Peer 1: 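Before we start, here is the structure in question, set down as structure tokens.
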Amino acid sequence: MSGPLDYQWEEERYTDGSKWRFLEHKGPVFAPPYEPLPSKVKFYYDGKPMKLSAPAEEVATFFAKMLDHEYTTKDIFRKNFFKDWRKEMTSEEKSKITDLNKCDFTEMSDYFKVQSEARKQMSKEEKQKIKEENERILQEYGFCVMDNHRERIGNFRIEPPGLFRGRGDHPKMGMLKRRIRPEDIIINCSKDSKHPKPPPGTKWKEVRHDNKVTWLVSWTENIQGSIKYIMLNPSSRIKGEKDWQKYETARRLKKCVDRLRSQYRDDWKSKEMRIRQRAVALYFIDKLALRAGNEKEEGETADTVGCCSLRVEHIKLYPEIDGQEFVVEFDFLGKDSIRYYNKIPVEKRVFKNLQLFLENKQPEDDLFDRLNTSILNKHLQELMDGLTAKVFRTYNASITLQQQLKELTSPEENIPAKILSYNRANRAVAILCNHQRAPPKTFEKSMQNLQTKIDAKKDQLSDARRELKSAKADAKVRKDEKTKKAVETKKKAVQRIEEQLMKLEVQATDREENKQIALGTSKLNYLDPRISVAWCKKWNVPIEKIYNKTQREKFAWAIDMADEDFEF
DNA sequence: ACCCTGACTTAGCATTCCGGTT
DNA sequence: AACCGGAATGCTAAGTCAGGGT
């Protein structure tokens, strides 16, 4: 696949800002067309059955499919849905259906439940057939040719229509996400490639040949009016190189971070308020790994903030609390409406500055009123080429992993214990970056199951120990080869069971500590994979224990590149 | 200086897959 | 063979940041 070069990521890169010379692909896969419900499945309005027009019925099914979700009980969701649903109705339907509370979708909902149950019950052969068809589509549409490589495409299927589900308190939840047609689609490919054909009887919106970008297909989504793209898989050359570059930038920050830190500490004393604000914000970004915090259009999205957009109401100052001085309490909703809560002591100067920033302000006022991400990033750019706020997150995440691995790995431990250490180091990073998850619904049960296994293993162990003891006693009396051998066998059995027990206990510890923490995001986006590869090589831990197949594909560049001496 | 948009990365949850157990 | 649970994968929303226009 990579031709005469061993490492495709060592091929020459373009210096003129172009991303490719040749790009050929088959275009997107559209969502399957709507299939009307069988006539026996009824919708009821005000208790009476009512046949809906196909467009109105389709939108109704979107709601019916979500009936069990608490979304559908929320006022905003219902209001947005109803408004958009009415747009799809015929004028007769519109005049009849005026109150969502009088709509009964339960038959539709039950019908879909039966269907999904039936899908699960399909025979092996039927499932196999579907699998093969999916594989065929993947082979046809899931790959493209970019320059000399056949590359996997990330998301070649167009998002199907449905009801928009925002995260957190989103003002647009419940709105109709409309169906995307060929006429909405912009194709990007090279002139000299075989252009993808639109489905019979349709046309693309546009075919362009822009090699300054990496996307293959784009369309404009109707909820926020933003553009969506089809791009390559993370295993592709173009993504891998970019990823590598990202970590190289973070490593350059490592070289000058001391200088930057002493500079922003100096700036806490500046005569100029804007410089003090910039310096305190940067301190937060560095110390707490906060995101930059762009401004957002009010009312268009959920109310979330990052560092530069923090408001007065998001922090509390305690000159003294719990025996600590100069404590700042953060409490705000960040990206994806995930809560950030932290109470930390800060330097006296920072504290005094924060008091100053808060003077004469209302709770809803900006904490940093002389600062935004653009000002901050322009400043950072002057300090180091390529430096932006998010580089601090990458740098601090990766350096933390490296330090924690050094601290936590003990040479004499066995492989499961080493992996626990790795996960703990990973966890330290996830906590730093505030990567949370909802505790899995099955968490308690799965912990219980594991405990049952541990108990059983303990019983098994004491049985094995008892047997060993009696075998030893036996051997002492008889002193023959056969009984000696029996002792050895029993000893081995005890050892094996001890090892199994220890494995289970490690697993339980790991799972418990991981209850509300998501490791995946930092592993995939913040940790220089070369640190992990080097650690695996150093301690003879198979890389498969740390990265699954997909991750190994994404990090192929690092797996080839890093030896055990790699230092971030 | 400010605003807007396009391109790209980062994010958590939902769904599917798969291998072990009953 | 059916079932189950955890891991892997898929999905798409929600960020960051640069660049162009006014």
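Computed from a prediction, not measured in an experiment: that's the story for all the values here. Protein chains get the first letters and strands the later ones, always in sequence-line order, with residue 1 at the start of each.
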Peer 1: Nearest-Å distance, CZ (A/Phe62) to P (C/dT12)?
Peer 2: 12 Å
Peer 1: Establish, from distance only, whether the side-chain atoms of A/Ser532 and A/Tyr422 form a donor-acceptor pair under 3.5 Å.
Peer 2: yes
Peer 1: Between atom CE in A/Met175 and atom C1' in C/dT12, what is the gap in whole Å?
Peer 2: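 It is 16 Å, rounded to the nearest whole Å.
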Peer 1: Name the nucleic acid region contacted by A/Lys19, choosing base, sugar-phosphate or nothing; use a 4.0 angstrom heavy-atom cut-off, strictly under.
Peer 2: sugar-phosphate
Peer 1: Measure CG/A/Asn423 against P/C/dG6 and give the value in whole Å, please.
Peer 2: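 Taking atom P of C/dG6 as the reference, CG of A/Asn423 is at 16 Å.
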Peer 1: Describe the nucleic acid contact of A/Pro160 in one word from base, sugar-phosphate, nothing, applying a heavy-atom distance below 4.0 Å.
Peer 2: sugar-phosphate
Peer 1: My understanding is that only residues two or more places apart in sequence, or in another chain, count here; which of them pass salt bridge (charged side-chain N to carboxylate O under 4.0 Å, His left out) with A/Lys172?
Peer 2: A/Glu300
Peer 1: Shortest non-hydrogen contact from A/Ser270 to A/Arg276?
Peer 2: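 For A/Ser270 and A/Arg276, the tightest heavy-atom pair comes out as O-NE, 2.6 Å.
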Peer 1: To the nearest Å, how far apart are A/Phe156 CZ and C/dT12 C1'?
Peer 2: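 Value for this atom pair: 15 Å.
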Peer 1: Applying ring-ring contact (aromatic ring centres under 6.0 Å, His included), name anything that partners A/Tyr340, two or more places apart in sequence or on another chain.
Peer 2: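 Result, ring-ring contact (aromatic ring centres under 6.0 Å, His included) vs A/Tyr340: A/Phe332.
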Peer 1: Using chain A heavy atoms and a threshold of under 4.0 Å, write down where along DNA chain B the contacts begin and end, 5' to 3'.
Peer 2: B/dG6 to B/dC18
Peer 1: Give every residue pair that meets the salt bridge (Lys or Arg N to Asp or Glu O under 4.0 Å) criterion with at least one member in residues 425-434 of chain A, sequence neighbours excluded.
Peer 2: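 Qualifying pairs, neighbours excluded: A/Arg427-A/Asp510, A/Arg427-A/Glu513.
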Peer 1: Which part of the nucleic acid does A/Lys127 contact within heavy-atom distance under 4.0 Å: base, sugar-phosphate only, or nothing?
Peer 2: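 Answer is nothing: A/Lys127 stays at 4.0 Å or more from every strand.
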Peer 1: For DNA chain C, whose closest nucleotide is more 5', that of A/Asn548 or that of A/Arg157?
Peer 2: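 Its nucleotide being nearer the 5' end, the pick is A/Asn548.
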Peer 1: Return a single string for nucleotides 15-22 of chain C, one symbol per nucleotide in 5' to 3' order, where B is base contact, S is sugar-phosphate-only contact and - is none, cutoff 4.0 angstrom on heavy atoms.
Peer 2: SBBS----
Peer 1: A/Ser226 near the nucleic acid: base, sugar-phosphate alone, or nothing, with a heavy-atom cut-off under 4.0 Å?
Peer 2: nothing
Peer 1: Just checking, is any N or O donor in the side chain of A/Asn211 or A/Tyr14 under 3.5 Å from an acceptor N or O on the other one?
Peer 2: no
Peer 1: Need one value for A/Lys523: base, sugar-phosphate or nothing, where a base atom within 4.0 Å counts as base even if backbone is also close, heavy atoms only.
Peer 2: nothing
Peer 1: CD of A/Gln139: more than 12 outside heavy atoms within 6.0 angstrom?
Peer 2: yes
Peer 1: Could you say whether A/Arg167 or A/Asn233 is positioned toward the 5' end of DNA chain C, judged by the nucleotide with the nearest heavy atom to each?
Peer 2: A/Asn233
Peer 1: Nearest whole angstrom, please: distance from the C1' of C/dA13 to the CD of A/Glu159.
Peer 2: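 Rounded to whole Å, this separation is 9 Å.
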Peer 1: Any base atoms under 4.0 Å from A/Glu221, or only sugar-phosphate, or nothing? Heavy atoms, all strands.
Peer 2: nothing
Peer 1: In whole angstrom, what separates A/Leu138's CG from C/dC11's P?
Peer 2: 11 Å
Peer 1: For A/Glu553 and C/dA8, give me the distance from atom CD to atom C1', rounded to whole Å.
Peer 2: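 Distance, rounded to whole Å: 12 Å.
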Peer 1: Just call it for A/Arg119: base, sugar-phosphate, or nothing, with non-hydrogen atoms closer than 4.0 Å on any strand.
Peer 2: nothing
Peer 1: At under 4.0 Å between heavy atoms, what does A/Phe164 touch on the DNA or RNA strands: base, sugar-phosphate, or nothing?
Peer 2: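 Sugar-phosphate, backbone atoms only, no base.
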Peer 1: Round to the nearest Å and state the distance from A/His170 atom NE2 to C/dA14 atom C1'.
Peer 2: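 My rounded result for the distance is 9 Å.
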Peer 1: Please output the side-chain donor-acceptor pairs of residues 156-168 of chain A that fall under 3.5 Å, not counting sequence neighbours, one pair per line with the distance.
Peer 2:
residue, atom, partner, partner atom, Å
A/Glu159, OE1, A/Lys177, NZ, 2.9
A/Glu159, OE1, A/Lys228, NZ, 3.2
A/Glu159, OE2, A/Lys228, NZ, 3.2
A/Arg167, NH1, A/Asp336, OD1, 2.8

Peer 1: Determine whether the side chains of A/Ser522 and A/Asn426 contain a donor N or O and an acceptor N or O closer than 3.5 Å.
Peer 2: yes
Peer 1: Which part of the nucleic acid, if any, lies within reach of A/Ile338 when heavy atoms closer than 4.0 Å are counted: base, sugar-phosphate only, or nothing?
Peer 2: sugar-phosphate
Peer 1: Do A/Glu132 and A/Gln128 have a side chain donor and acceptor closer than 3.5 Å?
Peer 2: yes
